[in-house]
Structures are given as C-alpha cells and as structure tokens.
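What follows is a short report on a single structure.
The figures here come from the full heavy-atom set of this structure, side chains too, leaving out hydrogens, waters and symmetry mates.
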Amino acid sequence: MKEYIYANQQLINSLLAQLDGGITSSIRNESASGEQDTQTKSDGIELTAGVRALINVSVKDDGKDVISNQLSKSQSELVDTVLDDFSIDLLLEKMADQISSDVLATKEGDFISSTSDFKILNFKHLSNVVNPETIEKFLDSSSQERRELKRLEALPKSTRNRPQIKARIQELKETEKESDDSTLETMSSIHHFSNFVDKIFPDSILIKTTKAISIVPRSELRINDSELSLLTLSNRKIRVFGLVTSIQNEIHPNGDFDEMQPENIDVIQPMLIDVLLSSFNILESKDRFIRPIAIFFE
C-alpha cells in the first residue's frame with residue numbers, strides 16, 4: 001500500500017490526457033435542493049469492483065433494479081480520492097519507459113522516480129517555532145538555574161545579603177545572561193534565515209532527497225505541519241515522482257560569484273537560493289530541482 005503525502009492532480013491529469021487512453025474524470029452537478037448527482041467518465045481505464053461499487057449505487061424501484069448516481073458528499077470525496085490515487089499508478093505504468101531512477105543521469109525536462117532517505121524543510125513552520133519572542137518567554141521559566149535564581153531572590157533581604165548567597169545569586173545571573181544571549185542569538189539567526197527562505201519559496205516546503213530538492217506546493221499536501229514535523233523522525237525511504245526543472249551545476253556557499261551585469265538581474269533569486277541553501281549544506285553540486293508529481297511512501 002502507498003501512503004501519499006503529495007499529489008499534483010492537475011499535472012497528473014494533464015499528462016494522462018496527452019497519452020493514449022485518456023483520463024478518468026469525475027463531474028458533479030448540484031441541484032437546487034442540494035442533492036448531488038455524480039457522473040464518472042472512464043476512458044481507457046478499467047475500474048476495480050470496489051471503485052464501481054462506490055460510483056454506482058443500486059436501489060429498488062417497483063421491484064426493479066435501477067442505478068442511481070446520487071452520492072453523499074463523503075461518498076463523492078471518497079470516489080475522487082480513489083480515482084486520484086489510481087491515476088498516479090496509471091501514469092507511472094504508462095510512462096514506465098520514460099522515467100529514470102538514476103538522478104544524476106537525468107537532464108532538464110526528464111521524468112524521474114527515485115526512492116531515498118529524505119529531509120523535510122518546512123521553513124514557514126520553522127520560522128514560527130523559533131520566533132525569538134516565543135523562545136525568550138520559554139527561557140524565562142525553563143532552566144533549573146533560573147528557577148534557583150528566582151527562589152534565592154525571593155528570600156528576605158537579610159538572607160540574600162549573606163556573602164555565600166549573594167555570590168551565588170551573582171553567579172547565576174551571569175550564567176543566565178550568557179546562556180540566554182547565546183540561545184537567543186542562535187534562534188534569531190535561524191528565524192531570520194527561515195523567514196527569508198520562505199519568501200523565496202512562498203507557500204511551499206522543500207524535500208531534500210539524494211541529489212535532488214523537490215519544491216512542494218502546500219496546496220496539494222495531504223498532511224499538516226505537525227505531521228510533517230514528525231516525519232523528520234522517520235527512518236523510511238520516500239519516493240519522489242517528478243519532473244527535473246533545473247540542475248545546480250555549481251554551488252557558491254561563500255557568495256563568490258562573478259561580477260553581475262545589469263542585464264542579468266533575473267539571476268538574483270537563483271544566486272540567493274544557491275548561497276542560502278548551500279551554506280547550510282542543503283544544496284549540493286549537481287543537485288536536481290524537481291517539480292513533484294507525486295510523493296509517497298511504499
């Protein structure tokens with residue numbers, strides 16, 4: 001069984017429409033009464049019995065069997081999902097001889113389907129999580145040293161002025177400041193970096209696989225931010241089926257580019273992507289940027 005986390009159904013349908021055999025489409029019309037009439041058209045696709053059972057609902061009318069195409073909202077959504085997932089398998093089957101599994105053997109415009117380890121880079125979510133204001137509030141009550149300091153500072157003045165206790169309070173204050181400054185500086189850097197990368201890849205997450213980076217639109221994701229975060233702990237391998245849009249032949253983590261000419265203003269964003277991602281070892285030389293069609297676990 002496949003566990004899909006992303007599918008670009010519009011692109012899948014477009015590719016299927018260009019292949020012989022056609023596509024499966026679901027057309028719904030809603031009446032004034034709110035009842036939903038669903039017709040499913042299948043061109044060149046043999047549906048399973050389970051799918052047919054969902055689409056065609058048999059009812060009795062005067063002792064005769066008739067077929068009703070009226071589906072509830074939940075049934076319609078289920079049918080759509082079944083047909084969407086089936087269309088991915090169909091596309092993989094029809095394009096088998098056009099798809100490469102060797103990432104480094106691909107060129108721009110090639111289709112690729114590779115399975116590998118992965119990293120999920122959800123910069124918008126990361127930026128929110130490491131917001132310095134939120135971290136500072138968390139630090140105010142998180143450490144054992146800070147709790148000890150609050151306890152000592154709550155003592156009567158005469159007790160606080162004892163040399164041993166006074167020295168301990170001063171020591172804790174210095175340790176606290178050094179620790180907080182270091183933590184906040186680190187978190188602030190990550191926050192600004194994540195926020196900036198999110199502006200370069202708006203409404204998207206990145207999935208880093210072996211020699212490839214997939215730019216994944218959020219709108220077609222099937223899981224939420226929390227579930228994405230937990231996937232970073234997974235030891236499974238992920239399969240990415242997509243289209244190679246460009247190849248990063250060289251990287252420049254230090255920003256050592258040739259002098260840019262005014263007419264080359266269009267390369268500013270790719271240069272920023274290069275510097276930002278390669279400086280964090282996310283982008284490597286010869287990496288492929290992928291427009292994903294489907295991403296899933298098997």
Roughly how far apart are [X] [atom1] and [Y] [atom2], rounded to 0.5 Å?
X	Y	atom1	atom2	value
I247	D287	CD1	CG	10.5 Å
E220	I295	CD	CD1	11.5 Å
I12	D89	CD1	CG	10.0 Å

### Query
Should F257 and V267 be marked as a side-chain contact (heavy atoms from CB on, under 4.5 Å) after you check the CA-CA gap, both sets of side-chain angles, and the distance that decides it?
CA-CA 11 Å; F257 296 97; V267 303; over 6 Å; no
Main-chain N/O of [Y] paired to [X] side chain as donor or acceptor, under 3.5 Å:
X	Y	result
S285	N249	yes
Q98	M95	no
S204	P202	yes
N161	K157	yes
R288	V244	no

Heavy-atom count around [X] [atom1] within 6.0 Å, excluding the residue itself: above 12?
X	atom1	value
D256	CG	yes
E263	CD	yes
Q10	CD	no
Q164	CD	no
D258	CG	no
R218	CZ	yes

### Message
Whether the E284 and S278 side chains hold a donor-acceptor pair (N or O, under 3.5 Å, no angle test) is what I'd like checked.
### Response
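No, no side-chain donor-acceptor contact under 3.5 Å.
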Side-chain heavy atoms nearer than 4.5 Å, only ILVMFWY residues, links allowed to pass through others: does that put [X] and [Y] together?
X	Y	value
L126	I205	no
I120	I215	no
L221	L230	no
L277	I251	yes

### Query
Can the ring centres of F193 and F123 be said to be less than 6.0 Å apart?
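Yes.
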### Message
Taking the ring centre of each residue, are F196 and F201 less than 6.0 Å apart?
### Response
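No - the distance between ring centres of F196 and F201 does not fall below the 6.0 Å cut-off.
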### Message
Less than 4.0 angstrom from a charged side-chain N to a carboxylate O is my criterion; do K124 and D225 meet it?
### Response
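Looking at K124 and D225, the cut-off is not met.
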### Task
Could you please spell out the steps behind the side-chain hydrogen bond (donor to acceptor under 3.5 Å, both in side chains) verdict for H191 and N131?
CA-CA 6 Å; H191 171 72; N131 187 312; 4.7 Å; no
### Message
Using 30° and 60° as the class boundaries, would you call the ring planes of Y4 and F296 parallel, tilted or perpendicular?
### Response
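Correct class here is tilted.
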### Passing candidate, salt bridge (charged side-chain N to carboxylate O under 4.0 Å, His left out) with D117, options R236, K208, K211, K237
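Among the candidates, only K237 passes.
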### Message
Less than 4.5 Å apart, side chain to side chain, heavy atoms only: is that true for P217 and Y6?
### Response
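In short, these two side chains touch, coming nearer than 4.5 Å.
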### Message
Could you walk me through whether V240 and F118 satisfy the side-chain contact (heavy atoms from CB on, under 4.5 Å) test, starting with their C-alpha distance in whole Å, then the side-chain angles of each, then the deciding distance to 0.1 Å, before giving a yes or no?
### Response
CA-CA 10 Å; V240 175; F118 67 96; over 6 Å; no
### Query
Only one of I213, L206, V275 forms a side-chain contact (heavy atoms from CB on, under 4.5 Å) with L283, so which one is it?
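The residue from I213, L206, V275 that satisfies side-chain contact (heavy atoms from CB on, under 4.5 Å) with L283 turns out to be I213.
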